[in-house]
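The first residue of the sequence shown is numbered 1, and numbering continues consecutively from there.
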Amino acid sequence: MGKATDKELIVNGRRLDGREPYHMREIKMSVDEISSANGSAKVSFGKTTAYASVHGPRSLFPKFLQESDTGILRCRYNMAPFSVDDRKSPGPDRRSVEISKVIRRAFEPVLFLEDYPKSTVDSFIEIVEADGSTRVTGINALSMALASAGIPMKDLVAACSVGKISDTLIVDLNGVEDNNSESDVGVAMMPQKDIVTLLQMDGILTKEELVMLLNLARESCKKIYQIQKQTLMEKYRGAE
Ligand code: ADP
């Protein structure tokens, strides 16, 4: 990340997987994948696949963790050991602790946590296959898992990655692109309210490039939002 490479990542205007610069990978979404959860979802962007599950709101124990005037959101992002080619050592590391924290903060603005004093909403993101952009894929899944759990939300959260490779601005970085990018930017937003809830950037961009990438991210998040909405509507249509 943030380092240039000798490898040609764009050939004749196409990326190595055949995509045009602004195209996302094939997106698949489904809900209610985990029966023991109050809400769950599975989201894939190409090979990158995330499951999210939501449990609660439920009473928070031990009691000293409780907040008397609000509920809290807990979030754990984890990459399975088999999710990457070289086995990843299991358990939390600095990266997953940081990602868990930024994901929690990306969702706090959309929930009415003050309606659940002394309670917690527990959320888990498991990356079962990692080929770039795992945090944003996990965010898309968690957004749908929260909605599917029936937790009132001000808006969904939609997320995507944008970046720069071989001097070209691109959308939805895969693993090779992520590891060889000049810059990569993760964006999550509330698509109806047009509010950004996560923005992280690695590498170097000019101000103009960043503005252009943010506009691309915004357009892409709106497309992702449409698929999220469609998937959730199908769930409720199926229940009629
Ligand atoms: P994100 O997945 O959100 O883009 P990073 O930029 O930290 O987060 O990671 C980029 C990509 O690098 C991941 O999607 C994954 O494909 C790969 N990766 C991350 N951590 C590891 C690891 N421990 N071992 C092997 N590959 C990894």
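Here Thr231 contributes atom OG1 and Lys42 contributes atom NZ; the two are 12.5 Å apart, rounded to the nearest 0.5 Å. Gln200 contributes atom CD, which lies 7.5 Å from atom CD1 of Ile99 (distance to the nearest 0.5 angstrom). Taking CD of Glu177 as the reference point, atom OG of Ser166 lies at 9.0 Å (rounded to 0.5 Å). Atom OG1 of Thr137 sits about 9.0 Å away from atom CE of Met29, to the nearest 0.5 Å. Here CD1 of Ile10 is found 10.0 Å from CG of Asp167. Values are rounded to the nearest 0.5 Å. Put simply, CG on Leu213 and CD on Glu208 are 11.5 Å apart, with the number rounded to the nearest 0.5 Å.
For Lys154, the NZ atom sits in a packed shell: over 12 heavy atoms of surrounding residues, nucleotides or ligands are nearer than 6.0 Å. Within a 6.0 Å sphere centred on NZ of Lys118, heavy atoms belonging to other residues, nucleotides or ligands number 12 at most. Counting heavy-atom neighbours within 6.0 Å of Arg19 CZ, excluding the residue itself, gives a total above 12.
The shortest distance between side-chain heavy atoms of Val121 and Asn38 does not fall below 4.5 Å. The shortest distance between side-chain heavy atoms of Val84 and Met79 falls below 4.5 Å. Taking 4.5 Å as the limit, some side-chain heavy atom of Phe124 sits within range of a side-chain heavy atom of His55. In this structure, Ser53 and Glu33 have side chains that are not in contact, with every pair of non-hydrogen atoms separated by 4.5 Å or more. Residues Ile204 and Glu182 are not in side-chain contact: their nearest non-hydrogen atoms beyond the backbone lie 4.5 Å or more apart. Residues Ser181 and Asn179 fail the side-chain proximity criterion, which asks for heavy atoms closer than 4.5 Å. Proximity of Tyr51 to Val128: side-chain heavy atoms (C-beta onward) are separated by under 4.5 Å at one or more points. Here the side chains of Val162 and Met201 are not in contact, with every heavy-atom distance at 4.5 Å or above.
In terms of heavy atoms, Ser59 sits closest to Thr120 at O-CG2, 4.3 Å. Residues Glu209 and Leu205 share a closest heavy-atom pair of OE1-CA, 3.4 Å. The two atoms that bring Pro191 and Ala158 nearest to each other are CG-CB, 4.0 Å, heavy atoms only. Between Ser96 and Pro92, the closest heavy-atom pair is OG-CA, 3.5 Å.
Counting only residues at least two apart or in different chains, side chain to side chain donor-acceptor pair (under 3.5 Å) contacts with residues 75-87 comprise Arg76-Glu126, Tyr77-Arg95, Tyr77-Thr134, Asn78-Glu126. For residues 51-62, every residue pair satisfying the salt bridge (Lys or Arg N to Asp or Glu O under 4.0 Å) rule, not counting sequence neighbours, is listed here: Arg58-Asp122.
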Could you go step by step and tell me if Met190 and Leu156 meet the side chain to side chain contact (heavy atoms under 4.5 Å, CB included) rule? CA-CA 6 Å; Met190 298 159 73; Leu156 286 176; over 6 Å; no
Using side chain to side chain contact (heavy atoms under 4.5 Å, CB included), reason through Glu98 and Arg135 one step at a time and then give a plain yes or no. CA-CA 11 Å; Glu98 180 218 309; Arg135 81 192 65 195; 3.9 Å; yes
Checking side chain to side chain contact (heavy atoms under 4.5 Å, CB included) for the pair Ile34/Ser36: CA distance, chi angles, key distance, verdict? CA-CA 6 Å; Ile34 300 165; Ser36 58; 3.7 Å; yes
Evaluation steps, side chain to side chain contact (heavy atoms under 4.5 Å, CB included), between Leu214 and Leu210: CA-CA 6 Å; Leu214 291 180; Leu210 180 60; 4.2 Å; yes
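For the residue pair Ser44 / Thr49, a side-chain donor-acceptor distance below 3.5 Å is found, with atom types taken as modelled.
Salt bridge status for Lys88 with Asp93: present, with a side-chain N to carboxylate O gap under 4.0 Å. The pair Glu219-Lys223 fails the salt-bridge criterion, with no side-chain N (NZ, NE, NH1 or NH2) lying under 4.0 Å from an Asp/Glu carboxylate O.
Checked by atom type and distance alone, the side chain of Thr48 pairs as donor or acceptor with a backbone atom of Asp131 at under 3.5 Å. Side-chain atoms of Arg14 come within 3.5 Å of backbone atoms of Gly18 as a donor-acceptor pair (strictly under, hydrogens ignored). Asp172 places no side-chain N or O within 3.5 Å of a backbone atom of Ser161 that could act as its donor or acceptor partner. No donor-acceptor pair under 3.5 Å is formed between the side chain of Asp178 and the backbone N or O of Asn174. Without hydrogens or angle criteria, Ser183 side chain to Gly203 main chain gives no donor-acceptor distance under 3.5 Å. Checked by atom type and distance alone, the side chain of Thr197 never pairs as donor or acceptor with a backbone atom of Phe107 at under 3.5 Å.
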Less than 3.5 Å apart, which donor and acceptor atoms pair up between the side chains of residues 64-71 and the rest of the protein, not counting sequence neighbours?
from: Gln66; atom 1: NE2; to: Leu60; atom 2: O; distance (Å): 2.8
from: Thr70; atom 1: OG1; to: Leu113; atom 2: O; distance (Å): 3.4

Which side-chain N or O atoms in residues 139-153 pair as donor and acceptor under 3.5 Å with protein atoms at least two apart or in another chain?
from: Asn140; atom 1: OD1; to: Ala159; atom 2: N; distance (Å): 2.7
from: Asn140; atom 1: ND2; to: Val136; atom 2: O; distance (Å): 3.1
from: Asn140; atom 1: ND2; to: Ala159; atom 2: O; distance (Å): 2.9
from: Ser143; atom 1: OG; to: Val157; atom 2: N; distance (Å): 2.9
from: Ser143; atom 1: OG; to: Val157; atom 2: O; distance (Å): 3.0
from: Ser148; atom 1: OG; to: Asp32; atom 2: OD1; distance (Å): 2.8
from: Ser148; atom 1: OG; to: Lys235; atom 2: NZ; distance (Å): 2.9

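Hydrophobic cluster membership differs between Val187 and Ile170, with clusters built from Ile, Leu, Val, Met, Phe, Trp and Tyr side chains linked at under 4.5 angstrom. Hydrophobic cluster membership differs between Phe112 and Val54, with clusters built from Ile, Leu, Val, Met, Phe, Trp and Tyr side chains linked at under 4.5 angstrom. Note on Val185 and Val176: separate hydrophobic clusters, where clusters join Ile, Leu, Val, Met, Phe, Trp and Tyr whose side-chain heavy atoms are under 4.5 Å apart, directly or indirectly. Following chains of ILVMFWY side-chain contacts shorter than 4.5 Å, one can reach Ile195 starting from Leu198, so the two form part of one hydrophobic cluster. Residues Val171 and Leu199 share a hydrophobic cluster, clusters being chains of Ile/Leu/Val/Met/Phe/Trp/Tyr side chains in contact below 4.5 Å.
Partners of Asp155 under the salt bridge (charged side-chain N to carboxylate O under 4.0 Å, His left out) rule, at least two apart in sequence or in another chain, do not exist in this structure. For Ser220, there are no side-chain hydrogen bond (donor to acceptor under 3.5 Å, both in side chains) partners two or more places apart in sequence or in a different chain.
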